[in-house]
Amino acid sequence: MDVRRITESLIQTGIKRKLEEWGIPEEISVSVEVPRQEEHGDFSTNAALQLAGHMKRKPRDVAMELLGSIRQADEGGWFRDLTVAGPGFINVVLSEGAWQEVLANALTKGERFGAVDRKEGERVLLEFVSANPTGPLHVGHGRGAVVGDALARILAFTGCQVTTEYYVNDVGNQIDCLGKSLYARYLQLCGKKAELPEDGYRGEYLVDLAREFREEVGDRYLPVEEEEAFPVFRKVACDRILNGIRKDLETFHVHIDRWFREESLHESGSVAAIVDELRERGQLYESEGAVYFKSESHGDEKDRVLVRADGRTTYFASDLAYHRAKLRQGFTKLIDIWGADHHGYAPRLSAALKGLGEKDSRLEILLVQFVSLVRDGKTVQMSTRSGEFTTLREVMDEVGIDAARFFYLLRSFRSHLDFDLTLASKKSNENPVYYIQYVHARICSIFREAADRGIVLSDAPPLSVLSLPDETNLMKKVARFPDVVSESGKAREPHRIPFYLLDLAREFHAFYHNHRFLGETPERTQGRLALATAVRNVVSTGLSLLGVSAPERM
RNA sequence: GCGCCCUUAGCUCAACGGAUAGAGCUCCUGACUUCGGAUCAGGAGGCUGGGGGUUCGAAUCCCUCAGGGCGCGCCA
């Protein structure tokens with residue numbers, strides 16, 4: 001039950017009737033909003049402002065007529081007050097009964113309040129992290145991981161069928177280079193002089209890995225020819241690093257349903273097939289021995305190589321086969337979450353889907369901007385190649401899972417993030433994550449105290465006693481939750497939820513300070529405990545959508 | 001050079017084309033004998049980077065300039 005939806009439909013009904021009367025087709029977009037200012041009511045519509053221009057009438061006059069029609073449409077007394085304000089807005093105040101009805105619904109639904117149960121929701125494949133298995137996850141990957149995971153939770157909660165997937169780039173030059181780097185490290189440990197490849201991976205983790213491997217196999221690969229030894233090292237490096245990544249994500253409570261290996265596309269012949277298909281569709285041509293895809297004609301800035309002069313396919317070819325495979329599995333929406341450094345790649349992929357005759361609107365690419373770490377007010381420098389980077393594991397250890405996830409999600413992923421390690425690791429009032437968790441702990445504490453006093457919340461608490469402005473305001477905040485979650489999912493903006501929760505927490509803490517939950521009249525105590533229950537449920541559900549725990553004690 | 005993203009309070013950031021641009025942190029001043037002070041109340045802090053345009057209405061859309069980030073491989 002979404003207050004906004006109910007309100008919106010009543011307003012729309014009223015407007016529609018009036019439009020029919022006036023003989024105006026409903027092509028004008030009319031919005032129902034939650035005003036920023038409380039004095040402007042619970043909801044507000046700009047309908048009259050939008051219509052007045054077309055009708056060549058004064059907005060306020062149009063508003064007056066619409067208002068009458070909306071009032072008529074509201075047969076059940078959902079609205080308490082309708083007024084025309086400012087340049088011609090129609091402001092709406094809901095009746096107390098309406099809010100109480102929502103609260104009752106929130107109590108019935110419990111932790112499913114705000115959830116959408118849809119049998120045939122959109123089938124979404126959400127692909128994220130997909131970091132090359134050439135090193136441990138760092139703080140940048142962490143952001144993509146949490147954003148993707150939270151989005152998956154939000155979409156699932158709002159009625160989508162979501163599958164999460166990690167695309168493993170386990171073939172190609174970079175993996176070859178990784179294998180060579182590990183091989184060099186191994187030889188070095190065996191006391192042999194060996195140089196890392198020019199663009200090799202210099203991180204300390206490969207030395208550790210080489211040591212671990214040598215402890216298992218000893219010097220067995222010392223006399224083996226490089227060509228023979230190399231594939232072994234490549235596989236060992238790739239597998240073990242990927243294993244580390246799996247563990248990191250697990251620790252971080254990031255859930256991946258499927259791990260999709262690039263190599264499987266080669267094994268199954270999908271890559272070759274996609275090249276053939278594009279050739280049949282007349283999308284390819286040869287130049288200087290290489291095969292190009294005509295991506296420029298589909299909106300990319302230039303044509304791209306699919307097959308190199310030496311006959312090997314490019315990463316782009318694999319990626320095409322990969323996305324085609326995803327679409328063939330019946331997903332109606334593919335969401336890819338990429339690091340912002342890959343943004344130039346997006347037009348190429350959409351171009352390719354068009355070239356394959358697919359609707360490119362089924363592909364949505366979200367670009368997550370970079371993360372800088374800040375400690376004690378100073379930026380921590382990072383560089384993957386030199387191996388000087390802060391790993392996700394280190395951040396989790398330093399600030400904790402809850403705080404790390406929360407800090408990642410508190411900002412729009414479309415903007416750069418300064419991750420303040422000093423602040424995030426503080427277990428004090430400066431740290432906003434505890435402000436929210438404290439609401440939950442506090443309410444649990446109230447119920448512990450209630451139990452001690454022998455007070456039990458009844459199944460049908462008298463909600464009509466909740467008539468104080470502070471009580472109504474808290475109810476209103478609770479009632480917004482379904483709308484916030486729904487919008488957060490539609491806009492692909494998880495950060496709206498932490499902001500909402502901070503807002504709710506503020507409202508609750510203020511209420512707590514000014515009123516008592518226990519010790520009033522029995523009816524009032526029942527009503528307030530009901531309200532507290534609803535707040536606790538919303539906080540708990542909201543935090544779970546972020547993958548953050550809701551502790552009973554802190 | 002070309003392309004994409006960003007620029008909002010001292011700092012970090014919000015704001016579905018709407019009305020007087022909001023939070024947190026920092027700084028200052030206050031509050032509880034009660035259910036948890038990881039709390040609450042108040043104050044200070046802004047020409048939304050500059051300039052044009054569209055609109056009844058612009059932080060938001062368009063153009064332009066300036067500053068910052070990131071791309072522009074037969075790497076992935």
Side-chain angles (χ1 to χ4, degrees), chain A residues 29 31-37 39-40 44 46 49-50 52-53 58-59 85-89 91 130-132 134 169 171-175 177 199 262 287-292 301-302 304-310 312-316 318-319 339-347 367 369-370 372 374 377 407 410-412 414-420 423 426-439 441-450 452-453 483 487 490-491 495-496 498-499 502-503 505-506 508-519 528 532 553-554:
Chain A
S29 79
S31 69
V32 173
E33 300 167 1
V34 179
R36 268 204 288 254
Q37 307 257 310
E39 310 88 74
H40 296 147
S44 160
N46 63 354
L49 288 159
Q50 298 288 345
K58 287 184 187 166
F89 292 102
N91 293 341
S130 299
N132 288 355
T134 53
N169 302 125
V171 288
N173 293 340
Q174 293 190 9
I175 292 296
C177 181
D199 289 328
E262 182 183 352
S287 173
E288 295 174 17
V291 178
Y292 282 77
E301 45 183 54
K302 57 178 167 181
R304 308 290 179 174
V305 173
L306 270 189
V307 187
R308 300 174 176 104
D310 64 9
R312 291 150 60 225
T313 51
T314 58
Y315 169 80
F316 181 39
S318 306
D319 212 20
D341 54 337
H342 286 72
H343 74 260
Y345 189 74
L367 298 169
Q369 296 294 324
F370 275 31
S372 321
V374 177
F407 270 66
L410 190 56
R411 306 277 174 255
S412 161
R414 297 172 219 274
S415 298
H416 286 245
L417 170 65
D418 277 347
F419 194 114
D420 189 336
L423 179 60
K426 275 190 186 163
K427 293 208 164 29
S428 73
N429 57 352
E430 291 162 78
N431 194 335
V433 65
Y434 302 116
Y435 186 77
I436 297 171
Q437 290 183 321
Y438 188 47
V439 171
R442 236 181 179 176
I443 295 174
C444 290
S445 166
I446 292 170
F447 277 95
R448 284 194 292 270
E449 176 66 22
D452 284 351
R453 298 188 196 179
D483 190 35
E487 291 299 311
K490 278 187 212 155
H495 76 273
R496 294 189 190 200
F499 272 93
L502 284 170
D503 200 31
R506 224 181 334 269
F508 175 80
H509 284 312
F511 186 92
Y512 181 89
H513 191 259
N514 292 325
H515 306 278
R516 303 193 58 74
F517 283 85
L518 308 173
R528 291 216 172 139
R553 295 171 202 269
M554 295 171 65

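Letters A, B, ... mirror the listed sequences (proteins, then strands); counts begin at 1.
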Answer with base, sugar-phosphate or nothing: what part of the nucleic acid does [X] contact at a heavy-atom distance below 4.0 Å?
| X | result |
| --- | --- |
| A:V307 | nothing |
| A:A309 | base |
| A:Q37 | base |
| A:H495 | sugar-phosphate |
| A:A290 | base |
| A:Y292 | base |
| A:R442 | sugar-phosphate |
| A:H343 | base |
| A:S44 | base |
| A:H509 | sugar-phosphate |
| A:F316 | nothing |
| A:R553 | base |
| A:F517 | base |
| A:R312 | nothing |

Quick check for you: among [options], whose closest atom lies nearest to any side-chain atom of [X]?
| X | options | answer |
| --- | --- | --- |
| A:Y315 | B:A15, B:A76, B:C74 | B:A76 |
| A:H40 | B:C74, B:C13, B:A19 | B:A19 |
| A:Y345 | B:A76, B:C35, B:C16 | B:A76 |
| A:F89 | B:C35, B:A19, B:U39 | B:A19 |
| A:S415 | B:A14, B:U12, B:A76 | B:A14 |
| A:H513 | B:C75, B:A31, B:G18 | B:A31 |
| A:F499 | B:C74, B:C13, B:A19 | B:C13 |
| A:E301 | B:A15, B:C72, B:A14 | B:C72 |

* Can you tell if the side chain of A:T313 reaches within under 4.5 Å of the side chain of A:L306, non-hydrogen atoms only? -> no
* Asked: Do the non-hydrogen side-chain atoms of A:P59 and A:F89 ever get within less than 4.5 Å of each other?
  -> no
Under 4.0 Å between a side-chain N or O of [X] and OP1 or OP2 of [N]?
| X | N | result |
| --- | --- | --- |
| A:Y435 | B:C40 | yes |
| A:K302 | B:G73 | yes |
| A:R308 | B:C75 | yes |
| A:R506 | B:G22 | no |

* Any chance you could lay out the side-chain hydrogen bond (donor to acceptor under 3.5 Å, both in side chains) test for A:S318 and A:E262, step after step, and finish with the verdict? => CA-CA 7 Å; A:S318 306; A:E262 182 183 352; 2.8 Å; yes
* Asked: How many angstroms lie between CZ in A:R442 and NE2 in A:H509, if you round to the nearest 0.5 Å?
  -> 6.0 Å
* **Euclidean distance, A:R453 CZ relative to A:L518 CG, rounded to 0.5 Å** =>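 Between atom CG of A:L518 and atom CZ of A:R453 there are 5.0 Å.
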Side-chain-base donor-acceptor pair under 3.5 Å for [X] and [N]:
| X | N | value |
| --- | --- | --- |
| A:Q50 | B:G57 | no |
| A:Q174 | B:C75 | yes |
| A:N46 | B:A19 | no |
| A:E33 | B:C16 | yes |

Integer-rounded Å distance: [N] [atom2] and [X] [atom1]:
| X | N | atom1 | atom2 | answer |
| --- | --- | --- | --- | --- |
| A:D319 | B:C75 | CG | P | 15 Å |
| A:M554 | B:U39 | CE | P | 9 Å |
| A:L367 | B:C6 | CG | C1' | 13 Å |
| A:D503 | B:C40 | CG | P | 12 Å |
| A:N173 | B:C74 | CG | C1' | 10 Å |
| A:L502 | B:A14 | CG | P | 13 Å |
| A:R496 | B:C16 | CZ | P | 7 Å |
| A:R516 | B:G36 | CZ | C1' | 12 Å |

On a whole-Å scale, what distance lies between the [atom1] atoms belonging to [N] and [M]?
| N | M | atom1 | result |
| --- | --- | --- | --- |
| B:U34 | B:C27 | P | 27 Å |
| B:G71 | B:U60 | C1' | 26 Å |
| B:G42 | B:G22 | P | 15 Å |
| B:G73 | B:G3 | P | 16 Å |
| B:C65 | B:C2 | P | 9 Å |
| B:C13 | B:G50 | C1' | 23 Å |
| B:C40 | B:U54 | P | 47 Å |
| B:U55 | B:G45 | C1' | 32 Å |

* Taking the six-membered ring for Trp, are A:F517 and A:F511 ring centroids under 6.0 Å apart? -> yes
* Counting only heavy atoms not in A:E288, do more than 12 fall under 6.0 Å of its CD? -> no
Could you tell me which nucleotide pairs with [N] by Watson-Crick or G-U wobble geometry, both distances under 3.5 Å, or answer none if nothing does?
| N | answer |
| --- | --- |
| B:U29 | B:A41 |
| B:G73 | none |
| B:A23 | B:U12 |
| B:C56 | B:G18 |

* **Geometric class of the A:F508/A:Y512 ring pair [parallel <30°, tilted 30-60°, perpendicular >60°]** => tilted
* To do: For the pair A:N514 (side chain) and A:A510 (backbone), establish whether a donor and an acceptor sit closer than 3.5 Å, ignoring hydrogens and angles.
  =>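 Between the backbone of A:A510 and the side chain of A:N514 there is a qualifying donor-acceptor contact (under 3.5 Å).
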* Salt-bridge present (A:D310, A:R312; N to O < 4.0 Å) ->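 The answer is yes: the pair qualifies as a salt bridge.
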* To do: Hey, which sits more toward the 5' end of RNA chain B by its nearest nucleotide, A:N431 or A:F511?
  =>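 Checking each residue's closest nucleotide, the 5'-ward one belongs to A:N431.
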* RNA chain B: 5'-proximal contact among A:R36 and A:A510 (nearest heavy atom) ->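 First, find each residue's nearest nucleotide; the 5'-ward one identifies A:R36.
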* Is there aromatic stacking of A:H416 against B:G69, centre distance under 5.5 Å, plane angle under 30°? -> no
